[in-house]
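This report refers to the structure that appears directly beneath it.
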Amino acid sequence: MSNPRPLEEEVYDMSGARLALTLCVTKAREGSEADLDALERMFRQLGFESTMKRDPTAQQFQEELDNFRQAMDARNDPISCAFVVLMAHGLEGLLKGEDGQMVELENLFEVLNNKNCRALRAKPKVYIVQACRGEQRDSGERVSGGDIVMVTKDSPETIPTYTDILHVYSTMEGYIAYRHDKEGSCFIQTLVDVFTERSGPILELLTEVTRRMAEAELIEEGKPRKVNPEIQSTLRKRLYLQ
């Protein structure tokens with residue numbers, strides 16, 4: 001049997017500007033400031049132009065993201081990558097603004113897709129969501145159609161609407177996300193540690209984040225809990241931040 005050929009490594013060009021927008025509801029979310037400090041340190045180390053907005057209403061979540069897109073499309077210099085960090089109370093598919101109103105995550109995700117954001121077309125867009133996605137708690141487990149024809153061309157002139165996007169959720173669908181009232185959230189703190197201390201493609205870094213979180217034991221009201229992030233990717237190339 002012949003040896004399979006290793007994958008050729010295509011990487012995103014990261015020589016242009018790197019931009020980050022963080023929208024964080026801090027009210028009734030103790031520990032948020034520790035997360036914001038950690039993210040600021042991470043973005044500075046990774047060479048991002050970082051903007052942080054505290055306590056957006058549901059409408060302001062949408063408006064700030066629209067402003068972020070418009071500012072990028074108005075720039076003359078090339079942009080390589082954008083990060084959007086969304087931190088709030090939430091339910092599956094929804095974030096709660098400072099005013100108690102809900103905004104749909106899908107509406108926020110659509111702002112920067114290949115159709116709507118010219119500056120980021122075919123460029124990596126990373127959404128990091130620190131929010132609950134339901135009420136379930138995980139106590140942990142012990143370890144022991146039809147015919148579709150694919151036609152490819154060498155140099156396609158179009159690109160799908162939803163490629164080059166990475167969604168990183170702090171917890172699985174339906175589950176609670178945990179946050180310490182002084183030290184911040186397990187997810188954001190672990191992600192910042194890995195992204196600033198390690199180098200490699202972002203999906204490998206996120207695998208390390210997942211490994212560390214899966215090993216960690218959280219105690220809630222005297223009961224041990226487990227939590228792990230969920231990663232959804234339509235990246236077409238390897239994304240290196242370091």
Side-chain angles (χ1 to χ4, degrees), residues 12-27 29-57 60-88 90 95 97-98 103 105 108-109 111-113 116-121 123-131 164-170 177 179 183-203 205-206 209 229 231 235 239-242:
Y12 287 105
D13 176 1
M14 292 294 283
S15 60
R18 305 172 180 205
L19 306 179
L21 173 67
T22 300
L23 302 175
C24 177
V25 176
T26 64
K27 293 180 181 175
R29 295 184 67 254
E30 293 79 5
S32 299
E33 291 296 337
D35 285 346
L36 288 171
D37 289 346
L39 286 165
E40 192 67 77
R41 175 169 56 85
M42 178 183 84
F43 285 133
R44 196 163 52 241
Q45 181 175 322
L46 296 175
F48 278 76
E49 298 173 34
S50 169
T51 304
M52 296 198 166
K53 304 283 185 181
R54 287 171 171 77
D55 298 316
T57 63
Q60 285 168 339
F61 267 105
Q62 193 74 49
E63 288 172 354
E64 291 291 351
L65 209 49
D66 286 335
N67 293 341
F68 187 56
R69 176 188 59 77
Q70 288 166 13
M72 282 190 285
D73 279 343
R75 287 175 71 131
N76 294 321
D77 58 327
I79 298 168
S80 283
C81 173
F83 269 60
V84 176
V85 183
L86 306 170
M87 299 196 284
L95 288 182
E98 183 272 334
V103 61
L105 274 171
L108 301 180
F109 294 158
V111 174
L112 301 185
N113 69 24
N116 293 326
C117 185
R118 189 183 70 253
L120 287 175
R121 199 163 289 163
K123 311 282 182 63
K125 302 159 272 283
V126 180
Y127 283 87
I128 295 170
V129 184
Q130 164 62 36
D164 310 287
I165 298 176
L166 185 59
H167 293 157
V168 187
Y169 295 94
S170 58
R179 187 182 63 259
E183 296 168 11
S185 60
C186 177
F187 168 62
I188 293 293
Q189 297 296 326
T190 305
L191 181 130
V192 167
D193 284 348
V194 172
F195 278 31
T196 54
E197 295 167 6
R198 297 282 187 268
S199 63
I202 194 168
L203 289 175
L205 296 179
L206 288 168
V209 172
I231 297 143
L235 295 180
L239 171 57
Y240 288 90
L241 300 175
Q242 295 277 25

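This chain uses plain numbering: 1 for the first residue, then up along the sequence.
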Pro201 and Tyr240, any side-chain heavy atoms less than 4.5 Å apart: yes

Under 3.5 Å side-chain donor-acceptor pair for Arg29 and Thr26: no

Parallel, tilted or perpendicular, as decided by the 30° and 60° cut-offs, for the rings of Phe48 and Phe83: perpendicular

Residue pair Leu23 / Met52, side-chain heavy-atom distance below 4.5 Å: no

Gap between atom CG of Leu203 and atom CG of Leu166 - 0.5 Å precision: 6.0 Å

Over all atoms of both residues, closest heavy-atom pair of Leu95 and Ala131: CD2-CB, 3.5 Å

Non-hydrogen atoms of Leu19 and Met72 that approach each other most closely: CD1-CG, 3.3 Å

Shortest non-hydrogen contact from Cys24 toward Ser32: SG-CB, 4.0 Å

Sub-4.5 Å side-chain heavy-atom contact between Leu39 and Met87: yes

Spacing of Arg18 atom CZ and Ser15 atom OG [to the nearest 0.5 Å]: 9.0 Å

Any side-chain donor near an acceptor of the partner, Gln130 and Asp35, under 3.5 Å: no

NZ/NE/NH1/NH2 to OD/OE distance under 4.0 Å, Arg41 and Asp37: no

Main-chain N/O of Val209 paired with Thr190 side-chain donor or acceptor, under 3.5 Å: no

Asn116 vs Leu112, side-chain contact (heavy atoms from CB on, under 4.5 Å): CA-CA, chis, key distance, verdict: CA-CA 6 Å; Asn116 293 326; Leu112 301 185; over 6 Å; no

Reported OH-to-OG distance for the pair Tyr12 and Ser80, which is rounded to 0.5 angstrom: 11.5 Å

Side chain to side chain, Glu63 and Thr57, heavy atoms closer than 4.5 Å: no

Side chain proximity check, Cys81 to Pro124, heavy atoms < 4.5 angstrom: yes

Backbone of Leu120 reached by a side-chain donor or acceptor of Lys125 within 3.5 Å: yes

Closest contact, heavy atoms only, Met14 versus Leu239: SD-CD1, 3.6 Å

Under-4.0 Å salt bridge between Lys53 and Glu98: no

Donor-acceptor contact present, side-chain Glu40 to main-chain Ser50, <3.5 Å: no

Test log, rule side-chain contact (heavy atoms from CB on, under 4.5 Å), inputs Val129 and Phe109: CA-CA 11 Å; Val129 184; Phe109 294 158; 4.3 Å; yes

Pairing of Arg75 and Glu49 as salt bridge, 4.0 angstrom limit: yes

Under 3.5 Å donor-acceptor, Tyr127 side chain and Val85 backbone: no

Side-chain touch Thr51/Thr22, heavy atoms, less than 4.5 angstrom: no

Taking every non-hydrogen atom, the tightest pair across Asp55 and Gln60: O-OE1, 4.0 Å

Atom pair CG (Leu108) and CG (Leu65), whose distance is rounded to the nearest 0.5 Å: 5.5 Å

Side-chain donor or acceptor of Lys123 paired with backbone N/O of Ile79 under 3.5 Å: yes

Approximate separation, where rounding is to 0.5 Å, of Ile128 CD1 and His167 NE2: 11.5 Å

Audit row: Glu197, Gln242, side-chain contact (heavy atoms from CB on, under 4.5 Å) steps and yes/no: CA-CA 10 Å; Glu197 295 167 6; Gln242 295 277 25; over 6 Å; no

Passing option when Leu206 is tested against Val194, Val126, Ile231 for side chain to side chain contact (heavy atoms under 4.5 Å, CB included): Ile231

Main-chain N/O of Ala119 paired to Asp73 side chain as donor or acceptor, under 3.5 Å: yes

Inter-residue atom distance Ile202.CD1 - Leu235.CG, 0.5 Å rounding: 7.0 Å

Gln189 side chain to Ala34 backbone, donor-acceptor under 3.5 Å: yes

Pair Arg121-Asn113, side-chain contact (heavy atoms from CB on, under 4.5 Å): steps then yes or no: CA-CA 7 Å; Arg121 199 163 289 163; Asn113 69 24; over 6 Å; no

Sole residue of Leu105, Asp66, Val103 in side chain to side chain contact (heavy atoms under 4.5 Å, CB included) with Phe61: Val103

Check: Asp193 and Met42 side chains under 4.5 Å, non-hydrogen atoms: no

